Each structure stands twice: as structure tokens, then as C-alpha cells.
Amino acid sequence: MTRSEAGAGEQRIKDAASIKMRLEEEIVSLITETQEFNISTVERIEIPTALQFHRYVAANRPVIISLPPSATTIHPPESATTSSTQRLDSTAEEKAWAWPAFTKWTNDYLVKTLGSKEITVACTPNGWADAVVDDKYFAMPCEKKMTFEQFLDGMPIRTRQRKTQASGHVGQGDEEALSSGVQDLGLNGGEAHGLAADPYQEVRYIQLQNGNLMTEYEELLEDVPAQIPFISEALGKEPDAVNFWYGDERSTTSLHKDHYENMYAVITGRKIFTLIPPTEQFCLHEKQYIAATYVDTADSTASSSSSTPATPRYKLEPMDPVVHTKWIALNPSHEPEEEIFEKYPRYQMCQPFKVVVNPGEMLYLPAMWYHQVEQEPDHEGKCIAVNWWYDMGFEGDRFSNAAFMTNLLKLVDEIEGDRSDHH
């Protein structure tokens with residue numbers, strides 16, 4: 001290489017660095033201006049009209065919608081202390097929102113209703129399905145077929161109940177554990193309230209999507225509405241899919257986005273959402289990871305005999321041929337802030353929303369908003385939700401703006417990669 005060629009190469013690198021800096025400055029300006037001109041909280045409202053709801057869609061803004069209190073109240077049987085007039089006070093609108101699921105979906109009811117039919121259960125060693133592992137792999141769950149009864153038998157609350165029944169008595173500590181908290185089951189299998197470590201080395205979560213309520217749980221269809229009227233009217237379409245979710249606090253959905261308008265209703269337990277708008281994509285350090293699937297070694301005759309508490313039950317098996325998936329590794333809820341900022345410096349500009357969705361509440365989550373989801377169970381150790389996915393509209397500029405941002409960030413990363421190669 002001649003001296004002039006070397007000099008030209010160095011100049012190109014300097015020019016690329018300058019372009020990258022200018023691009024990043026403009027992206028940061030977009031983020032800060034959007035943050036300044038938008039509200040910093042997620043509103044809670046009562047049931048809106050289609051027009052009122054459409055204003056949130058047009059503004060690309062999440063909102064929590066509270067159903068009428070009477071709709072989710074479990075009314076006691078009529079007795080001398082409860083008059084029939086007390087239970088007839090609900091308006092016609094309140095009755096329309098009184099979904100049977102709120103009062104019927106106990107574990108016993110679900111076991112009896114679903115019977116011996118097989119369902120699909122996502123199984124992982126740690127409750128993180130579709131998540132980055134070791135900063136190298138995009139880990140997908142091991143999907144198993146089993147009955148709902150078998151699914152419950154692998155949940156800690158069921159394991160503990162059997163243990164208590166076998167002993168023939170329930171102590172004060174046991175009562176507290178079973179009634180208050182299922183808060184203490186713990187991400188690590190937990191010993192709180194006498195709960196033994198997870199003997200299964202496995203976290204189970206019902207999360208099959210693409211309309212699982214219509215396929216694997218059609219027996220429950222009459223317990224929830226097929227659509228949400230004000231959304232269908234506002235969007236001019238019916239839902240593309242309705243999904244059933246069941247898990248406990250060990251399961252967490254990692255940060256991601258969906259190309260659906262999402263209405264997410266909590267039936268029992270609580271869901272905790274961390275929400276990040278599409279304009280802050282730059283802050284999230286998305287990159288490509290090797291796609292892999294968890295494999296249960298206990299299902300293998302060769303390895304089952306050597307499975308011990310010291311030997312992990314699950315292993316990751318990369319796809320063959322190799323496939324890469326673009327995902328987000330950062331974990332805003334479980335990593336200390338200073339560690340996140342050190343590993344992902346652009347995240348310091350991010351202003352996430354954290355919202356709790358209680359039973360009888362619905363979260364409208366606009367298409368392409370990033371979200372991480374955690375859950376807290378009820379007294380039976382369960383958290384159940386149903387969501388309605390409506391196809392996002394590609395009219396207007398929302399999708400094209402998001403695609404432009406994705407391509408712009410790809411260009412910034414390519415410039416950075418070229419500079420690294422030259423150095």
C-alpha cells in the first residue's frame with residue numbers, strides 16, 4: 001500500500017467516525033425531544049368509548065383500563081346476610097364486563113374443564129424463555145405436551161400442598177405461605193415459608209401464542225369475550241389471536257416487541273410491565289445471537305441416571321444449521337442499574353415506564369413498544385392472563401418510522417464495525 005493510499009484510508013475512517021457521531025447526535029436528539037413532549041406516566045382510565053380509545057392508538061400511548069369493580073368481585077351465595085338486591089345493582093354495562101373467568105378459573109376448575117387433553121408447556125431451567133443466555137445464545141424453551149393436571153404437578157405450590165396433606169396437618173407457617181404468598185416461591189426455588197427447593201430443576205409456563213385459546217383451550221372460550229368491543233370498533237377489525245397465559249413469579253418474559261396492537265387482561269395474580277417506546281430502540285443495544293433450544297436431559301435414557309441436583313437438568317442445543325436471532329440482552333428489572341449502564345451505556349438515556357396490571361385491569365400495549373413482563377401469583381400460586389392481538393395497521397408513518405430507525409441503527413453499527421476492522 002502506498003503512502004497516499006494509506007492516507008486516504010485513514011481519512012475515510014475519520015470521515016466515518018464523524019458521520020457516526022453526527023448520526024448518534026441526531027438519534028439522541030429525537031429521543032430527548034420525544035421524552036420532553038410526551039407524558040411520563042401511563043394513565044388509568046375506566047372503560048372508554050371507541051373514539052376515546054382511538055386517541056391513545058393515534059398517540060401511540062399505552063393505557064391501563066379498569067373494568068367495573070363489580071365485574072371482578074366474587075359474590076358469595078345468597079344468604080341471610082346477603083340480600084338479592086345487593087347483587088342486582090350492577091348496570092347492564094357492568095354485567096357485560098363480568099367475565100366468568102374472574103370467578104371460575106381456579107386450579108380445580110381448570111383441571112376439571114380441560115380434563116385429559118394435552119396442552120403445550122414451555123419449560124426452562126430458570127423461567128427465562130426466549131431470552132439471551134451467556135451473551136451468546138438466544139434461548140428458546142423446551143416445549144412439552146402434557147395434561148393440565150401434569151402441568152400443575154410440576155408447580156411448587158402444588159408440590160407443597162401435597163407435602164402438607166401427606167403430613168396430616170397445616171401449621172401456622174404453612175397457612176401463611178399458602179394464603180399470602182405465593183410472593184415467596186422465589187426465582188431460585190426458595191426456602192421461604194418452608195418451601196423446598198425445586199426438585200424438578202424446571203420452570204413451567206403456559207405461553208403458546210398464535211391463538212392458543214381457540215386451539216388448546218377452547219373449553220374456556222365462553223369464560224372470556226372473543227373480542228374487546230371498543231377496540232374492534234376503534235381499529236375496524238376483529239382480533240387476529242387470543243392467547244391464554246398461566247405461570248408463577250419464576251417466569252419472566254424478556255424485553256422484546258410485537259407487531260400487534262395488544263390488549264392484555266389480568267384475570268388473577270398481577271403482571272408487572274416494563275415499557276419502552278420504539279423511539280428508544282437506540283438505547284437497547286439489540287444484536288444478533290445464536291438461536292438455541294433448551295433440551296431436557298432427563299428425557300434421555302442415557303443421561304437420566306446421571307441427573308443430580310449438581311448436574312443441570314437442561315442444556316442448550318444450538319440450531320443446526322446455525323440461525324441468528326436479533327434480541328435484547330439487557331434486563332432492566334433484575335440487574336443493578338450501575339451494571340446495566342456499564343455494559344449498555346446507551347441505556348442511560350432510556351426512560352422506561354413500569355406499570356402494575358391488577359386483576360380486572362387491561363393494558364393497551366401499542367404495537368412495537370418494547371416490554372418485559374414479570375408476574376406475581378395469587379393465593380393458589382398462579383397468575384393468569386388473556387390477551388387479544390389485533391394486527392397493527394401499516395397505514396400512516398408509524399411502521400415506516402420504526403423501520404427507518406432500525407435501518408439507521410444498522411448503519412451506525414456497520415460504521416463502528418468497519419472502524420474496528422481497520423484498527
Side-chain angles (χ1 to χ4, degrees), residues 31 35 40-42 44 62-64 122 124-135 137-141 156 181-190 192 198 203-207 245-258 262 264 266 268-287 289 325-359 361 363-366 368-378 381-385 387:
I31 292 171
Q35 291 171 344
S40 58
T41 60
V42 175
R44 271 184 159 82
V63 63
I64 294 176
T124 63
N126 53 15
W128 288 84
D130 298 332
V132 174
V133 174
D134 297 333
D135 201 32
Y137 297 104
F138 170 69
M140 294 173 284
V182 206
Q183 302 280 345
D184 294 313
L185 293 178
L187 284 169
N188 297 317
D198 179 13
V203 178
R204 297 178 175 182
Y205 190 29
I206 294 175
Q207 63 160 27
W245 308 78
Y246 183 120
D248 59 27
E249 81 287 2
R250 298 173 303 156
S251 294
T252 299
T253 303
S254 67
L255 200 60
H256 71 287
K257 65 180 178 182
D258 300 306
N262 189 356
Y264 200 101
V266 175
T268 187
R270 298 200 307 173
K271 294 277 186 173
I272 300 96
F273 284 78
T274 301
L275 307 177
I276 298 172
T279 49
E280 296 180 15
Q281 179 181 354
F282 177 69
C283 306
L284 304 180
H285 295 262
E286 289 181 275
K287 69 176 188 178
Y289 297 92
T325 300
K326 191 175 184 181
W327 211 255
I328 300 166
L330 69 85
N331 178 357
S333 295
H334 291 87
E335 289 185 86
E337 197 173 69
E338 58 274 11
E339 290 184 14
I340 294 182
F341 292 164
E342 182 178 352
K343 289 192 290 185
Y344 312 105
R346 299 198 300 245
Y347 186 70
Q348 297 181 62
M349 292 177 286
C350 192
Q351 292 185 1
F353 300 82
K354 191 152 189 172
V355 298
V356 176
V357 186
N358 299 299
E361 293 182 335
L363 170 67
Y364 165 58
L365 179 59
M368 296 189 296
W369 269 65
Y370 293 91
H371 52 288
Q372 178 174 300
V373 191
E374 303 162 272
Q375 45 197 356
E376 294 179 357
D378 65 8
K382 67 184 187 298
C383 181
I384 302 179
N387 82 301

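Sequence positions, counted from 1, serve as the residue numbers for this chain. Note that the structure is predicted; figures quoted are calculated from it, not measured.
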Restricting to non-hydrogen atoms, name the atom on [X] and the atom on [Y] that form the minimum distance, rounded to 0.1 Å.
| X | Y | result |
| --- | --- | --- |
| L330 | L255 | CD1-CD2, 3.9 Å |
| P156 | D248 | CD-OD2, 3.6 Å |
| T268 | K382 | CG2-CE, 3.8 Å |
| Q372 | T253 | CG-O, 3.1 Å |

Would you confirm whether E280, through its side chain, and Q35, through its main-chain N or O, come within 3.5 Å as a donor-acceptor pair?
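Answer holds: no.
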Main chain of N331, side chain of E335: is a donor-acceptor contact present, judged purely on distance under 3.5 Å?
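A pair under 3.5 Å: yes.
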Is any side-chain heavy atom of [X] closer than 4.5 Å to a side-chain heavy atom of [Y]?
| X | Y | value |
| --- | --- | --- |
| P62 | V355 | no |
| L365 | H371 | yes |
| H256 | D258 | yes |
| E376 | V356 | no |
| S333 | T252 | no |

Residue list, side chain to side chain donor-acceptor pair (under 3.5 Å) with [X], at least two apart or on another chain:
| X | answer |
| --- | --- |
| E286 | Q281, Y370 |
| N387 | N243, W245, N262 |
| T279 | none |
| H285 | none |

Partners meeting salt bridge (Lys or Arg N to Asp or Glu O under 4.0 Å) with [X] (sequence neighbours left out):
| X | result |
| --- | --- |
| K326 | none |
| E339 | none |
| D135 | K287 |

Set of side chain to side chain contact (heavy atoms under 4.5 Å, CB included) partners for [X], sequence neighbours left out:
| X | value |
| --- | --- |
| P125 | Y294, Y314 |
| V132 | Y289, W327, A329 |
| P352 | T274, I276, Y347, C350 |
| Q348 | F341, P345 |

Check each of W369, Y364, Y264 against F273 using the ring pair (Phe, Tyr, Trp, His ring centres under 6.0 Å) test, and report the only one that passes.
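Of the listed residues W369, Y364, Y264, the ring pair (Phe, Tyr, Trp, His ring centres under 6.0 Å) partner of F273 is Y264.
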Evaluate the side chain to side chain contact (heavy atoms under 4.5 Å, CB included) criterion for residues V266 and E361: first the C-alpha distance (whole Å), next the side-chain angles of each, then the deciding distance (0.1 Å), finally the verdict.
CA-CA 6 Å; V266 175; E361 293 182 335; 5.9 Å; no
So how far is it from L284 CG to K257 NZ, rounded to the nearest 0.5 Å?
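The CG atom of L284 sits 9.5 Å away from the NZ atom of K257.
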Per the side-chain hydrogen bond (donor to acceptor under 3.5 Å, both in side chains) rule, which among R270, E249, K271, R250 passes with Q375?
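The single option meeting the side-chain hydrogen bond (donor to acceptor under 3.5 Å, both in side chains) with Q375 is K271.
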